[in-house]
Amino acid sequence: MDWLALLGVLCIAYGVFAIFVAIKKPDQIWQMKKIQAFLRRLGSTGTVIWFCVFGLAIAGLGVWLLLR
């Protein structure tokens, strides 16, 4: 396995994790200062949408890296 394939797998895993955090909103993660800053600026719905879009984009990058 070359390093681009490994990076692709890691990107897919990170994207899935970001979507999981957006949907499930685990308390320990959702209370982090960085996410609280997102909540203040974007609101709850905006933060969920941002994490879902970001997760899909990173997962898409991972798929692209795997198919390359």
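This chain uses plain numbering: 1 for the first residue, then up along the sequence.
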Q: Decide whether Phe17 and Phe38 are clustered together by the hydrophobic rule: side chain heavy atoms of Ile, Leu, Val, Met, Phe, Trp, Tyr closer than 4.5 Å, transitively.
A: yes
**Q.** Interatomic spacing from CD in Gln31 to CG in Leu39 - rounded to 0.5 Å
**A.** 8.5 Å
Q: With the side chain counted from C-beta on, respond yes when Leu42 and Trp50 share a heavy-atom pair under 4.5 Å apart, and no when they do not.
A: yes
Q) Do you know the tightest heavy-atom contact between Trp30 and Gln36? A) O-NE2, 2.8 Å
Q) Distance from Ile12 atom CD1 to Ile58 atom CD1, nearest 0.5 Å? A) 11.0 Å
Q.
Testing the basics here: between Cys11 and Leu61, what is the closest heavy-atom pair and its distance to 0.1 Å?
A. SG-CD2, 4.1 Å
**Q.** Interatomic spacing from CG in Leu7 to CZ in Arg68 - rounded to 0.5 Å
**A.** 11.0 Å
Q) Would you say Val9 and Leu67 are hydrophobically clustered, going by side-chain heavy atoms of ILVMFWY under 4.5 Å? A) yes
Q) Hey, quick one: are Leu56 and Phe51 part of the same hydrophobic cluster, counting side-chain heavy atoms closer than 4.5 Å, chains of contacts allowed? A) no
Q.
Hydrophobic clusters here meaning ILVMFWY residues chained together by side-chain heavy-atom distances under 4.5 Å, can you tell me if Trp3 and Trp64 are in one?
A. yes
**Q.** Validation row: Arg41, Thr47 side chains within 4.5 angstrom (heavy atoms)
**A.** no
Q: Search all heavy atoms of Ile29 against all heavy atoms of Ile35 and return the closest pair with its distance.
A: O-CD1, 3.3 Å
